[in-house]
Number of protein chains: 2
Amino acid sequence: MRQDFLNSLKSFYSKYRRLPSYSEMLKLFGFASKKAVFDVIQRLTEEGFLNKNNRKLSPTSSFFAIPLYGVVKAGYPILTEENKQYLTLDEYLIEDPVSSFLLKVSGDSLFDIGIFDGDIVIIERKKEAKPGDIVLAEIDNEWTLKILRRDRKRQVLYLEAANDKYPPFYPKRELKIYGVVKASVRKFERMN
Amino acid sequence: MRQDFLNSLKSFYSKYRRLPSYSEMLKLFGFASKKAVFDVIQRLTEEGFLNKNNRKLSPTSSFFAIPLYGVVKAGYPILTEENKQYLTLDEYLIEDPVSSFLLKVSGDSLFDIGIFDGDIVIIERKKEAKPGDIVLAEIDNEWTLKILRRDRKRQVLYLEAANDKYPPFYPKRELKIYGVVKASVRKFERMN
DNA sequence: TGACAATGTAAACGTTTGTTTACTACAATA
DNA sequence: TATTGTAGTAAACAAACGTTTACATTGTCA
């Protein structure tokens, strides 16, 4: 019952990217009085799916989110309702949406750290990076995705691939950091 | 300028999960008249970031989305405005939100296909899977994340780890498929 | 400098908003 | 059967909504 109301709200939201007004909910829920809508919304608010601040309705994170289960190493995944967390991937992966962008990875230079050709990485634009960070950098006029390292003897920064096939890249002229890789995602289309 | 307006809207949205009303935008934009707000919104609507249907404002997908750039293998990433796509990760990775859930990976049994301990996988709940799919399965009362294979000689399904350390798993009694892995994500917290 | 467009102000507008009140219908319980 | 709580209707409310109009200010460029 009340699950139905939440689901109609969800499908309205995924269609229009906003919550319906009470009048719109009248039709959506099949009520004749706004009071009935009011009561439903009250419940959903108390249950933590919606939020009200000075008469304005907004969805909470539970509204969007997808359950996240843990797994025990060998045995049963924890599939009970109690220890269920919720997560939206955008929020989880992208901490600063304004300064972030995505990049489709090409090549196998990060193979050993599990970033493959065709993966998408989330990059946060910033000039400063620490050794150990995976960076999008411009080295001698060529753009690349590598691990930033510090050569302690020579006291310089250089780039290292995560793949034995490639040698370290020491900048001849200059090394410009454009951003830092914060996350990576892969979609499994259809494999054989 | 107009980029500032869009960004204030974005940060309002990421805080409250809804668009501000015109009165709220007054303060947000620093205007004294709602007409000024009206004009800004008009522009953002024409530029495709917002949508209006009968006086109701809603964000479009470009509003949320993050630019996706391609890379040329060695050389320059394509960072021009023209060939910029937009993407929201939730929409990209989760095709069927209702039947999907997330699982935190534990163990190294999928190491060779770049799924590491601590990664999160998106699983779509379904009983049927094809050989080659990565599946969440119950084999002889134990839950696990493996690759589904078909033994052509013996005509049976079995599970295979993506890691030489582990042998194939032939079910003694039964093999139940609970879902199929559609995507995987990894967050790089801080590495050294 | 003068003309013109762009951009903002101020006020007023009819609608729509979410909320509240009073009342009704129905199901569950003892 | 009588009682009590739940869930809905109908109507009325002030407040807030998005829009419009008329006018002022500003910046641009010949």
Side-chain angles (χ1 to χ4, degrees), chain A residues 1-65 81 86 88 97-98, chain B residues 1-65 81-82 86 88 98:
Chain A
M1 288 293 100
R2 49 190 71 180
Q3 194 65 18
D4 289 345
F5 296 137
L6 185 56
N7 280 338
S8 350
L9 285 181
K10 282 183 183 173
S11 61
F12 186 100
Y13 200 100
S14 63
K15 197 170 173 188
Y16 297 105
R17 290 177 206 277
R18 63 171 178 85
L19 288 176
S21 70
Y22 281 28
S23 334
E24 288 171 319
M25 291 185 204
L26 274 186
K27 302 166 200 164
L28 202 63
F29 295 163
F31 284 139
S33 164
K34 285 207 276 182
K35 167 64 156 44
V37 172
F38 184 84
D39 290 347
V40 168
I41 295 304
Q42 196 87 332
R43 262 208 316 264
L44 290 175
T45 303
E46 285 162 7
E47 288 169 8
F49 295 107
L50 300 174
N51 224 327
K52 271 190 203 178
N53 58 336
N54 63 325
R55 303 183 155 222
K56 304 270 174 39
L57 210 59
S58 59
T60 64
S61 67
S62 334
F63 183 86
F64 302 101
E81 292 292 316
Y86 285 91
T88 81
V98 176
Chain B
M1 289 291 102
R2 49 189 69 180
Q3 195 65 18
D4 288 346
F5 296 138
L6 186 54
N7 280 338
S8 353
L9 286 181
K10 281 182 183 175
S11 61
F12 186 100
Y13 200 101
S14 63
K15 198 169 173 189
Y16 297 105
R17 292 176 205 276
R18 63 171 176 88
L19 288 176
S21 72
Y22 281 28
S23 334
E24 287 171 320
M25 292 185 204
L26 275 185
K27 302 166 200 165
L28 202 63
F29 296 163
F31 284 139
S33 165
K34 285 207 273 181
K35 166 66 156 45
V37 172
F38 183 84
D39 291 347
V40 167
I41 295 305
Q42 196 87 333
R43 263 209 314 266
L44 291 175
T45 304
E46 284 162 7
E47 288 168 9
F49 294 106
L50 300 174
N51 226 326
K52 271 189 202 180
N53 58 336
N54 62 328
R55 304 184 154 220
K56 303 270 173 42
L57 210 59
S58 61
T60 64
S61 68
S62 332
F63 181 87
F64 301 102
E81 292 292 315
E82 294 92 52
Y86 284 92
T88 81
V98 177

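Every chain is numbered from 1 and lettered A, B, ... according to where its sequence line falls, protein lines coming before strand lines. As a basis for the values below, the full set of heavy atoms in this structure was taken, side chains included, without hydrogen atoms, waters or symmetry mates. In this text, all values refer to a predicted model and were calculated from it rather than measured experimentally.
- With the nearest nucleotide of DNA chain C identified for both B:Leu26 and A:Ser23, B:Leu26 has the one nearer the 5' end.
- Using a 4.0 Å heavy-atom distance criterion, B:Ala36 is classed as a base contact.
- Distance CZ (A:Arg43) to P (D:dT6): 11 Å, rounded to an integer number of Å.
- The A:Ala32 side chain lies nearest to D:dT9 when the options are D:dT9, D:dG18, C:dT9.
- Relative to the side chain of B:Phe38, the nucleotides C:dG18, D:dT9, D:dT19 differ in distance, and D:dT19 lies closest.
- In this entry the distance linking CG of B:Asn53 with C1' of C:dT16 reads 14 Å, nearest Å.
- As rounded to whole Å, 14 Å separates atom P of D:dC17 from atom CG of A:Leu57.
- If you check C:dT9, C:dT19, C:dG14 against the side chain of B:Arg55, the one that comes closest is C:dG14.
- Between B:Lys34 and C:dA12, a side-chain N or O to OP1/OP2 separation shorter than 4.0 Å is absent.
- For the pair A:Arg18 CZ and C:dT17 C1', the interatomic distance rounds to 13 Å; values are reported in whole Å.
- Contact annotation for B:Lys35: base contact, defined as any heavy-atom pair under 4.0 Å involving a base atom.
- The six-membered or imidazole ring of B:Phe5 lies near that of B:Phe31, with a centre-to-centre distance under 6.0 Å.
- We find that CG of A:Asp39 is positioned 12 Å from C1' of D:dT9, with the value rounded to whole Å.
- Relative to the six-membered ring of B:Phe38, B:Lys52 meets both conditions, a distance below 6.0 Å and an angle of at most 45° to the axis.
- Each of A:Asp4, A:Val40, A:Leu44 was compared with A:Leu9 under the side chain to side chain contact (heavy atoms under 4.5 Å, CB included) criterion, and only A:Leu44 meets it.
- Considering only side-chain N and O atoms, B:Ser33 lies nowhere under 4.0 angstrom from the phosphate OP1 or OP2 of C:dA11.
- Checking the phosphate oxygens (OP1, OP2) of D:dT19, a side-chain nitrogen or oxygen of B:Tyr22 falls inside 4.0 Å.
- In terms of modelled atom types and a separation under 3.5 Å, the side chain of A:Thr60 and the main chain of A:Gly48 share a donor-acceptor contact.
- Atom CZ in A:Phe31 sits about 16 Å away from atom P in C:dT19, given to the nearest Å.
- A close approach under 4.0 Å does not occur between any side-chain nitrogen or oxygen of B:Ser21 and OP1 or OP2 of D:dA16.
- Between A:Asp39 and A:Lys35 there is a salt bridge, with a side-chain nitrogen of the basic residue lying less than 4.0 Å from a carboxylate oxygen of the acidic one.
- Here the P atom of nucleotide D:dC17 and the CD1 atom of B:Ile41 are 13 Å apart, to the nearest Å.
- Rounded to whole angstrom, the span from the CD atom of A:Glu24 across to the P atom of C:dT17 amounts to 7 Å.
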